[in-house]
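We name chains A, B, ... by the order of the sequence lines, and we start the count at 1 in each one.
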Number of protein chains: 4
Amino acid sequence: MPIDATSPVPVFMQIADHIRRSVAAGVYKPGDTIPSLRAMALELVVNPNTVQRAYEELEREGVIQSRRGLGMFVTQDGVAGARARSLAAVQAAFTHGARAARAAGMSPEDTRAAFERACSDGQIDTRVQP
Amino acid sequence: MPIDATSPVPVFMQIADHIRRSVAAGVYKPGDTIPSLRAMALELVVNPNTVQRAYEELEREGVIQSRRGLGMFVTQDGVAGARARSLAAVQAAFTHGARAARAAGMSPEDTRAAFERACSDGQIDTRVQP
Amino acid sequence: MPIDATSPVPVFMQIADHIRRSVAAGVYKPGDTIPSLRAMALELVVNPNTVQRAYEELEREGVIQSRRGLGMFVTQDGVAGARARSLAAVQAAFTHGARAARAAGMSPEDTRAAFERACSDGQIDTRVQP
Amino acid sequence: MPIDATSPVPVFMQIADHIRRSVAAGVYKPGDTIPSLRAMALELVVNPNTVQRAYEELEREGVIQSRRGLGMFVTQDGVAGARARSLAAVQAAFTHGARAARAAGMSPEDTRAAFERACSDGQIDTRVQP
DNA sequence: GTGGTCTAGACCACA
DNA sequence: GTGGTCTAGACCACG
């Protein structure tokens, strides 16, 4: 996963978003464990505290559950929530883009063209490496 | 303009984005003045210093030029830059959305549907009131 | 005279400096009048209030004296002060440059070379047009 | 470093100039951190926000790079820029002095003498205390 | 009235 | 501890 440290959106949110999407996509299924705090921190070259905050966030949402000494497990009923939040995030991104396009005076055609371009670019595989 | 204080993207950037888009859309033309620091601050219910930061950014980009005692003026050749940056921002939003959709396991059809929904929602007029 | 509106040094000071130097150089001699407030403002494309502040500054220094309805006159004993202040300003500029050069790790040779270049560039005539 | 609050050049610019020169001189090398916002603010008896503005400017110039929670780091390729800007500033100071000298009617000999005096005065060590 | 700088002090994100 | 954003309110330069 690409972490953008310069982005205004906090790193811990980027991590949480990523896990949430992975759960929504079925990369991690209910009962699976997600990568350990330290493993994740090493992989992303990020402070463990930052990963911790992301995991806390997901636990609060009920997507994962910690079992001391065993790791973080994807819950049975958290998948629906993860899916809902992920779709909402996608919708929010598109809505934001559409509004910005309109505010900038872009024609509907150009806006649609930008979307098509985004779909091609989006083919870049962002799957997690387990 | 709607300012979202809870957004991870700083308020001053939201303001700068807004003005940039307005310039790109031709709401403010070269030679025009944009709303004064204090007027903008009052309208957005934000501290004047925050507006100032936004205006500084735009001045650095060459979109506007300050004249002490007179106001901030849209430059002749800053419009192209404003346009370019605005379009890039739109593209970035769509690309981000598309990537997130793919990462969440959304089908191309659902992704496209989300975009269409965004276009309808985007019709909300976000023009500035001068 | 070239006025730099973007400079951090206030416009009124730039004007005062210029007049002071002109007096020091003998362009305006004791008993002469300097250009009227409005003439100066028109020539420099500056607000009359700004010129006024410059003239006030010079009057406070004793370089000029206003005679109502007649204009601003260079005083007999103000010339020495104008000269002293102008020389001090020159000295200050060089000292500032020398310190900056040293702080930037420039060699004495390079520093001297920069000065020589400045002398060549300085030949640009900056005399007032009466 | 001496901060002159009465100078027409803003304090934050004085700070940025100082750091830029230090980087140009090799006091801070690529990969080094410069003093923290708060440390600098304490040392200069200045508000942290003021230091921040200076650091922002340097980051925009590419001289330093911020890492949240870690500090501000001198970049690999920002040193050249810092050097170039610093030399340009020295040149500007000398040119300004030379022009002022000429406008004040100083002889080339006196001008040169003023420069020599500046060089002696400039020996004052303005290195930062880390 | 305009923009520009500075301070004091708050809260947040990150290590 | 680090940097980053925001507020409230001050003073200055300019028109």
Side-chain angles (χ1 to χ4, degrees), chain A residues 3 5-15 41 45-54 57, chain B residues 3 5-15 33-41 44-56 58-59 64-73, chain C residues 3 5-15 41 45-54 57, chain D residues 3 5-15 33-41 44-56 58-59 64-73:
Chain A
I3 287 290
T6 73
S7 161
V9 28
V11 174
F12 82 90
M13 279 191 194
Q14 296 182 42
I15 299 173
V45 196
V46 149
N47 190 288
N49 288 341
T50 305
V51 180
Q52 167 92 18
R53 287 205 57 183
E57 172 78 17
Chain B
I3 288 292
T6 74
S7 161
V9 29
V11 173
F12 78 90
M13 280 191 192
Q14 296 181 41
I15 299 173
T33 67
I34 62 175
S36 83
L37 279 178
R38 291 157 176 85
M40 201 58 151
L44 303 181
V45 197
V46 147
N47 190 287
N49 284 341
T50 304
V51 179
Q52 163 116 20
R53 274 197 81 179
Y55 285 12
E56 268 176 26
L58 294 168
E59 190 171 15
I64 59 177
Q65 196 177 5
S66 80
R67 285 212 257 151
R68 292 200 268 191
L70 291 175
M72 316 283 309
F73 294 77
Chain C
I3 288 289
T6 73
S7 161
V9 27
V11 174
F12 82 91
M13 279 192 195
Q14 296 181 41
I15 299 173
V45 196
V46 150
N47 190 288
N49 287 342
T50 306
V51 181
Q52 166 92 19
R53 287 204 57 182
E57 171 78 15
Chain D
I3 287 291
T6 74
S7 162
V9 31
V11 174
F12 78 89
M13 280 191 193
Q14 297 181 41
I15 300 173
T33 67
I34 61 176
S36 84
L37 280 178
R38 290 158 177 82
M40 201 58 152
L44 303 180
V45 196
V46 147
N47 190 288
N49 285 339
T50 304
V51 180
Q52 163 118 20
R53 274 199 81 180
Y55 285 11
E56 267 175 28
L58 294 167
E59 190 170 15
I64 60 178
Q65 196 177 5
S66 80
R67 286 212 256 152
R68 293 200 267 192
L70 291 175
M72 316 284 311
F73 294 78

Nearest non-hydrogen partners of [X] and [Y], listed with the distance:
X	Y	value
C:Pro8	D:Val9	CB-CA, 4.1 Å
B:Pro48	B:Leu37	O-CD2, 4.0 Å
B:Asn47	B:Ala41	C-CB, 4.1 Å
B:Gln14	B:Ser7	NE2-CB, 3.7 Å
D:Arg68	A:Pro10	NH2-CA, 4.0 Å
B:Phe73	B:Thr33	CE2-CG2, 3.2 Å

Tell me which of C:Val11 and D:Ser36 sits closer to the 5' end of DNA chain F, going by the nucleotide each one is nearest to. D:Ser36
Closest-nucleotide ordering on DNA chain F, the 5'-leading residue of D:Ile34 and C:Pro48: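 Checking each residue's closest nucleotide, the 5'-ward one belongs to D:Ile34.
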Please give, in whole Å, the distance from [N] [atom2] to [X] [atom1]?
X	N	atom1	atom2	result
B:Leu58	E:dG3	CG	C1'	14 Å
B:Ile3	F:dC6	CD1	C1'	13 Å
D:Ile64	F:dG3	CD1	C1'	11 Å
B:Met72	E:dT2	CE	P	13 Å
B:Gln52	E:dC6	CD	C1'	11 Å
B:Leu44	F:dC6	CG	C1'	14 Å
C:Arg53	F:dC12	CZ	P	9 Å
B:Met40	E:dG3	CE	P	11 Å

CD1/B:Ile34 to CE/B:Met72 distance, rounded to the nearest 0.5 angstrom?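 Nearest 0.5 Å value for the CD1-CE distance: 5.5 Å.
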OP1, OP2 of E:dC14 versus side-chain N and O of D:Arg68: anything below 4.0 Å? yes
OP1, OP2 of E:dT2 versus side-chain N and O of B:Ser66: anything below 4.0 Å?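 No.
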Select from B:Glu59 and A:Phe12 the residue whose nearest nucleotide in DNA chain E is closer to the 5' end of that strand.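 Nearer the 5' end of the strand: B:Glu59.
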Taking the nucleotide of DNA chain E with the closest heavy atom to each, which residue, D:Pro10 or D:Gly69, is nearer the 5' end? D:Pro10
Can you list every stem that DNA chain F is part of, counting only runs of 3 or more consecutive Watson-Crick or G-U wobble pairs with both distances under 3.5 Å? E:1-14 with F:1-14
Partners meeting salt bridge (Lys or Arg N to Asp or Glu O under 4.0 Å) with D:Glu56 (sequence neighbours left out):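 Result, salt bridge (Lys or Arg N to Asp or Glu O under 4.0 Å) vs D:Glu56: B:Arg53, D:Arg60.
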N/O-N/O pairs, protein side and nucleotides 9-11 of chain F side, under 3.5 Å:
residue, atom, partner, partner atom, Å
F:dG9, O6, B:Asn49, ND2, 2.9

With a cut-off of 6.0 Å (strictly less than), are more than 12 heavy atoms of other residues, nucleotides or ligands near CD of C:Glu57? yes
Less than 4.5 Å apart, side chain to side chain, heavy atoms only: is that true for D:Ser36 and D:Tyr55?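 No, every pair of side-chain atoms sits at 4.5 Å or beyond.
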Give one of base, sugar-phosphate or nothing for D:Tyr55, where a contact means two heavy atoms less than 4.0 Å apart. nothing
